[in-house]
Each structure stands twice: as structure tokens, then as C-alpha cells.
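Structure first, then comments.
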Protein chains: 2
Amino acid sequence: MASPSDGTTKTVTIRDVAAAADVSIGTASKALNGRGRMRVETRDRVLAAAERLGFRPNPLAQGLLAGRTYTVGLVTGDSFGRFSIPVMLGAEDALGAGQISVFMCDTRDDPIRERHYVERLLARRVEGIIVTGRRTEPRPGIGRDLPVPVVYAMTQSTDDSDVSIIPDDEGGGALAARHLMATGRTRIGHVTGPQRFEAARRRAQGMTTALASAGLSPAGEILYGQWSEEWGRQGADVLLHESPDVDAIFCGSDQIARGVAETLRERGRRVPEDVALVGFDNWEPMALGCRPPLTTVDMNLGEIGRLAARHLLDAIAGDPAPGGLTIVPASLVLRESTRRATP
Amino acid sequence: MASPSDGTTKTVTIRDVAAAADVSIGTASKALNGRGRMRVETRDRVLAAAERLGFRPNPLAQGLLAGRTYTVGLVTGDSFGRFSIPVMLGAEDALGAGQISVFMCDTRDDPIRERHYVERLLARRVEGIIVTGRRTEPRPGIGRDLPVPVVYAMTQSTDDSDVSIIPDDEGGGALAARHLMATGRTRIGHVTGPQRFEAARRRAQGMTTALASAGLSPAGEILYGQWSEEWGRQGADVLLHESPDVDAIFCGSDQIARGVAETLRERGRRVPEDVALVGFDNWEPMALGCRPPLTTVDMNLGEIGRLAARHLLDAIAGDPAPGGLTIVPASLVLRESTRRATP
DNA sequence: TCCGGATGAGAAAACCTATTCCCACGGTTT
DNA sequence: AAACCGTGGGAATAGGTTTTCTCATCCGGA
């Protein structure tokens with residue numbers, strides 16, 4: 001415990017500063033905040049006293065008067081998992097710069113805990129709430145007619161009038177497909193997660209559309225399955241059986257891509273010489289540990305968080321964005337798995 | 001934005017409740033808090049009014065008066081990474097139950113940002129601070145003579161008088177070694193991270209000691225390298241070359257273990273029939289994606305967080321634990337990679 | 001030289017919200 | 001009539017910010 005013999009440390013109030021500078025409390029406040037008019041000498045005396053005593057205004061008192069708390073709540077159901085963390089960091093980045101502190105709440109995807117936390121945040125008079133999740137599936141909002149603005153990031157409210165910010169799954173799929181075509185591939189397969197996930201469907205859609213506009217169609221069926229390596233291994237087997245001449249595989253996640261890479265290696269297909277491989281997520285431990293390192297789509301989650309925070313700040317400042325969906329473009333991270341074969 | 005036409009929602013104060021119930025402010029307060037004596041009818045009238053208006057006491061005012069804020073700060077340098085997240089969740093678990101809210105701060109391992117955040121937390125009058133990190137290497141504390149208690153979790157202060165809570169790396173290593181011996185292995189190698197990491201050294205130490213007390217010593221050298229799959233692949237090659245008769249490998253991380261598993265498979269050694277494999281971290285996407293699924297040491301990070309939170313709560317309540325190290329035992333998660341060969 | 005108004009410096013008080021202690025005001029009991 | 005009890009109002013308090021107010025000085029004009 002870094003605390004000394006507790007009790008010796010009494011917090012310094014403006015009262016102490018005023019006494020030390022031999023002025024009234026009001027004058028001390030004005031001096032510290034640069035308001036009002038007074039002799040430079042007086043102002044300096046107050047500032048010096050504050051410095052000397054280590055005065056730090058109590059934000060509770062300030063907030064009480066101003067009716068502001070300079071805090072926001074961050075609610076996640078993802079247990080701060082792989083997806084919501086980058087979002088959180090981006091949000092904290094944007095908020096922290098504005099001197100706003102963040103209360104964190106993990107709901108463990110339990111609606112009861114969620115309501116409980118929202119209640120608590122409102123009781124604490126947060127000025128806004130960011131809700132993050134691990135899927136882009138629409139979900140019920142955290143409440144109607146809340147007294148503060150709410151932004152959904154990396155998740156989406158079923159209510160169209162809410163502000164939701166999600167990654168561009170479709171654009172990411174298109175990006176992957178166009179990149180593969182640009183490296184000369186034409187027989188491109190797709191192994192991805194469960195079809196019930198909107199993210200999986202949109203990624204597939206983006207890929208299919210991009211191929212179509214070049215007069216191509218996917219190699220074999222779109223293979224929907226699980227978000228796991230195990231499924232990647234199985235899916236690659238199915239694909240190789242159905243379309244033995246496949247020369248590229250776009251995977252719905254980096255985990256799936258790793259499974260696919262493993263099967264390819266075991267079946268004697270070289271990556272990238274025989275089959276190019278693109279993943280999704282840019283989950284670095286996975287993408288870099290892959291053999292070879294994985295070209296993958298990055299959803300720019302940090303940007304999603306930053307954008308969510310900015311929307312929230314605007315709304316708090318009284319300039320709310322119109323409700324609806326904001327889609328953050330994805331980008332492609334190039335690594336070995338799609339290197340063009342040196343001719 | 002769930003907020004209605006902003007401005008219509010005025011927060012309800014106890015003044016409004018008192019007016020609605022036609023009592024004084026003081027009486028309203030007493031009614032709401034069950035203090036003082038008054039007619040049941042009066043109390044009910046106040047409670048009904050509060051209910052009807054949706055009154056929620058302003059914690060700023062309560063905190064101002066009570067001199068408490070019911071908040072703590074959580075500072076991490078790990079960018080809320082793989083290690084600090086479970087710690088955080090554990091901490092939030094323990095704190096949330098006590099009606100304490102958590103301010104989160106990510107320092108990005110930058111001492112300047114760290115100091116800045118600590119200042120901010122103190123300005124907000126948090127009642128305590130938890131510092132988490134990604135290594136157990138001792139680090140300088142966040143400050144001396146802070147006015148609030150501090151607990152270091154999953155990291156360790158260089159100041160012995162601080163309270164630090166870390167995982168039992170040595171015990172984890174011993175656990176792995178004893179488990180391997182219990183399944184009949186006797187020639188056990190070790191591939192781990194860089195030697196400059198205390199965690200790597202302690203895990204190796206735990207393993208060596210456990211082997212020694214059974215009259216064994218490690219197969220080959222302890223192979224220090226990187227915390228990466230790539231190194232796992234290389235390390236396994238080295239080990240197989242130096243000690244071809246190795247029948248088990250304990251790895252310093254699950255990532256290393258995956259690399260090792262891959263090399264073993266390519267060299268025709270079956271896991272677990274020929275060589276058993278134990279990882280460290282129980283990082284599920286890695287451990288479950290491994291072929292076969294990985295037996296691994298779990299550091300019980302959540303427990304570390306919960307313990308840190310409880311220590312902090314105790315200190316806040318005026319009952320600080322004596323400074324020093326608390327070590328949380330690790331546990332073993334059994335999976336395929338160490339299954340005993342069916343005879 | 002004296003008076004009135006303007007100006008400047010800083011003190012004093014109100015305010016924000018909720019809690020708590022003290023006291024006054026009835027009515028009842030001894 | 002005095003003591004006592006239940007009830008509920010009023011004020012003090014916490015730590016700031018902001019508005020108002022007072023007092024003194026200074027200047028110009030008479």
C-alpha cells in the first residue's frame with residue numbers, strides 16, 4: 001500500500017488555498033479559473049498557494065454545480081473479448097483526450113445484468129453510453145427514452161433511430177476478392193462461419209458481388225460452418241474435393257484460415273504458389289503464427305471505437321448525429337499467403 | 001439516440017420529491033433513507049412521490065457529503081490484452097457486487113500517460129487503484145505516498161511494501177511436470193520464452209524442481225527463445241535433434257506449444273502417443289485449435305483479479321493487508337495432448 | 001477644493017444536491 | 001403545570017462556482 005499512515009493526508013480544499021493566500025474563497029476560485037478581475041499579484045499569490053498545497057478541485061463539487069460529470073459508460077456483452085477491446089481502446093482514446101473518464105461494465109451478455117448496469121450508470125449521471133458487442137447482429141436497444149445519448153459500436157440496435165457503428169463486412173469481402181483477382185487468381189473458394197451470422201453472409205455477399213463484376217463466380221459452394229480451426233480443416237477438404245482446381249481461398253476468419261492452411265499443406269498444396277489464402281479479422285497472434293503469415297482483412301475496430309466516441313461527444317455537446325447505421329471501411333493487410341508467385 | 005427531444009428530461013431532485021409530497025427536503029431525505037421518525041403515512045407519501053417522479057439520488061451530492069465516491073481506478077499497460085482482461089473481469093466482478101464502479105485507463109505502457117491517468121483518478125477521488133500488467137516483472141510503483149490504497153495485479157511493484165498479486169509460475173511448471181510424470185513420461189523437455197522474462201525462468205525452475213524430486217532431470221537443455229509459434233517450431237527441431245528419445249514436452253506458452261505440435265507432426269511423432277505436450281496460459285482459441293487439443297496450465301487470472309479487488313476493498317474499509325507478494329495457485333486443464341496411451 | 005460617477009478589487013452570499021442534527025410545535029401524560 | 005413524545009421543519013454541511021455587493025480610489029467637472 002503506497003498510502004502513508006492514513007489520516008495524515010487530508011485533501012486540500014479551496015478553503016485551504018484561500019486561507020493560505022489570505023483571500024476569500026470566491027476570489028480564490030476566480031483566480032484559479034482565470035475569471036473576474038483582480039491584481040496580478042493577488043492572482044499569483046493564489047496560484048502559488050494552490051501549487052504549494054497541491055490543490056486539486058473536487059470534481060464532485062464541480063459536477064454538482066455544473067450539472068455535468070464528464071464521465072461516460074461503456075457497456076459490453078463481449079466480456080471485453082477480442083472484438084470489443086480494440087473498440088474500447090479507440091473509444092477511450094477519443095474520450096480521454098476530452099478529459100472524459102470511462103466507467104466500464106461487463107454484462108456477460110446477460111440482459112438482467114445489462115439493465116442493472118445501465119441503471120447504475122444513469123444513477124451516476126454519466127453523460128452518455130457506448131454499447132459494444134461481439135457480433136453485428138441487431139440487438140434490442142438498452143432502453144428507450146434514456147436521458148443520455150447512446151451509441152452502439154460493433155453491434156447494432158434493432159431500433160433504426162439509434163446510432164450504430166459497424167464494420168464493413170461486405171466491403172471486406174469485396175476487398176479480399178479483388179485482391180485475389182489482382183494477383184491473378186480466378187478460381188476462388190470461400191470457407192466461413194455459420195450462415196445464421198449476418199457477418200458471414202455479408203462477407204460472402206461482398207466476395208460474390210466483386211467476383212461477379214469481373215465475370216467470375218465462386219469456386220464451389222460457399223461453405224458455411226463454424227468459426228473454428230477445426231471447421232477450416234474440414235471445409236478445406238470439402239472444397240478440394242468439390243473443386244480440385246481451386247487457386248485461392250477466402251476465409252471468414254483467421255482461425256478458419258489457419259485450419260484451411262493446415263489441410264492445404266497436408267494435401268500437398270503450397271501456399272501461396274498453388275493456392276492463395278486470405279483471412280478475416282487480422283487477429284495478429286493467429287495471422288502471424290500461420291504458415292505462411294496470413295494476408296487478412298482488418299475491420300479497423302479502433303476506428304469504430306473512435307468514431308463511436310466522437311458521435312457520443314457530439315451528441316453530448318448538443319449536436320446529435322441523425323440515427324442510423326455508420327459503416328467503417330475495412331482494409332487489407334498484406335502478408336505472405338497471397339504473395340504473387342515470382343514468374 | 002434514445003434520448004428524446006433533449007431538454008424535456010430534467011433530472012428529478014429531492015427538492016421535487018419533497019414538493020410533490022408536500023414535506024420539507026429534510027423530511028423527504030429521512031423518509032427515503034429510513035432514518036428519523038415520522039408517520040407511516042408521510043413516509044409512504046414521500047416514497048410514492050419518489051417512485052412516481054423516478055427520483056434517483058445524485059451520487060455526486062451523496063459522495064460530496066459522505067466524502068466517498070464508491071469508485072476505483074483500473075490502470076493497465078497491457079492495452080487490456082490477453083492477460084489483463086481476465087484480471088479485469090475478476091476485479092470488476094468483486095467490485096461491482098459491492099456497488100463500486102470502475103474507471104478504466106489504458107496507459108499503452110507509457111509512463112507519462114500512466115502518471116497522467118493516476119493524477120486524473122486521484123482528482124476524481126477514486127478510493128483505490130488496481131494496476132495490472134502483462135508481465136510479472138517487477139515494475140516501479142505508480143507513486144509513493146498516494147492518498148489511496150494501490151494493489152498490483154498480474155504485475156509486481158519493485159517496492160516490497162506494496163501489495164502485489166501474481167500467478168504461481170513456479171507452481172504451474174511443477175504441476176505440468178508432475179502431471180507428465182504421472183502419465184508415465186520420464187524424458188521431458190522444455191521449450192519456453194526469453195530467459196530475461198522472470199515468468200519463463202520460474203516456470204522452468206518449477207519444472208526442474210519437480211523432476212528433481214522424482215530423481216529426474218529435463219531432457220536436453222531448457223530451450224529459451226521467443227513467445228511465438230515460430231520459435232516453438234524451431235525449438236522442437238532443436239530438442240528432437242538433441243534428445244531424440246524425448247517423450248514429453250512442456251512449453252512455456254500455448255503459442256509455443258502449437259509450434260511444437262506442428263513440428264512433431266511433421267517429424268512423424270504422434271501426440272500424445274509418442275510425445276505428450278503441455279502448454280501454458282490456457283488461451284482457449286490456441287489450446288482448442290491445436291491438434292490434438294492442448295493440456296495446459298491455467299493461471300487463474302480471474303482469481304487474481306478478484307483477489308486484488310478484495311484486498312483493495314479491505315484496504316478501503318481500513319483493514320489493509322500487509323504489503324508483499326500474494327501468489328495465486330495455477331491449475332491444470334486436461335485435454336487430449338497428454339492422454340495416457342491406452343495399453 | 002469638493003462632489004458625483006465610474007471603476008476596480010475582493011468580500012459575502014447564493015447555489016448545486018442530499019444528509020443529518022437540532023429544535024419547535026403540537027398534543028398527551030403525570 | 002411540567003415533562004414527554006411524536007412529528008416534521010430548518011439549518012448546517014460538503015466543496016466548489018458565480019453573482020451580487022461593498023468599499024475605496026480615481027477622475028473630471030464645477
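A, B, ... follow the sequence lines: proteins, then strands. Residue 1 opens every chain. Both backbone and side-chain heavy atoms feed into the values below; hydrogens, waters and symmetry mates do not.
- Met38(B) has its CE atom 17 Å from the P atom of dC22(C), to the nearest Å.
- Taking 4.5 Å as the limit, every side-chain heavy atom of Asp168(A) sits out of range of all side-chain heavy atoms of Val328(A).
- Using a 4.0 Å cut-off, some side-chain N or O of Arg35(B) falls inside it from OP1 or OP2 of dT20(C).
- The nearest whole Å value for the distance from the CZ atom in Arg68(A) to the P atom in dG16(D) is 19 Å.
- Salt bridge status for Arg139(B) with Glu114(B): present, with a side-chain N to carboxylate O gap under 4.0 Å.
- Distances shown here put a side-chain N or O of Thr42(B) below 4.0 Å from the OP1 or OP2 atom of dG8(D).
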Task: salt bridge (charged side-chain N to carboxylate O under 4.0 Å, His left out) assessment of Asp159(B) paired with Arg144(B) - done: CA-CA 9 Å; Asp159(B) 186 337; Arg144(B) 300 201 53 71; 2.3 Å; yes
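- In this structure, Tyr70(A) places its OH atom 11 Å from P of dT17(D), rounding to the nearest Å.
- Using a 4.0 Å cut-off, no side-chain N or O of Arg39(A) falls inside it from OP1 or OP2 of dA9(C).
- Distances shown here put every side-chain N or O of Arg37(B) at or beyond 4.0 Å from the OP1 or OP2 atom of dT7(D).
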- [ ] Go through Val75(A) and Leu121(A) one step at a time and tell me if the side chain to side chain contact (heavy atoms under 4.5 Å, CB included) criterion holds.
- [x] CA-CA 10 Å; Val75(A) 177; Leu121(A) 289 172; 3.7 Å; yes
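- In terms of heavy atoms, Asp106(A) sits closest to Tyr117(A) at O-CE1, 3.3 Å.
- For Asp93(B) and Arg108(A), the salt-bridge test passes: some basic side-chain N is under 4.0 Å from an acidic carboxylate O.
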Distances under 3.5 Å between protein N/O atoms and the N/O atoms of nucleotides 9-15 of chain D, please, pair by pair.
from   : atom 1 : to       : atom 2 : distance (Å)
dG9(D) : OP2    : Ser24(B) : N      : 2.8
dG9(D) : OP2    : Ser24(B) : OG     : 2.9
dG9(D) : OP2    : Thr27(B) : OG1    : 2.6
dG9(D) : O6     : Lys30(B) : NZ     : 2.8

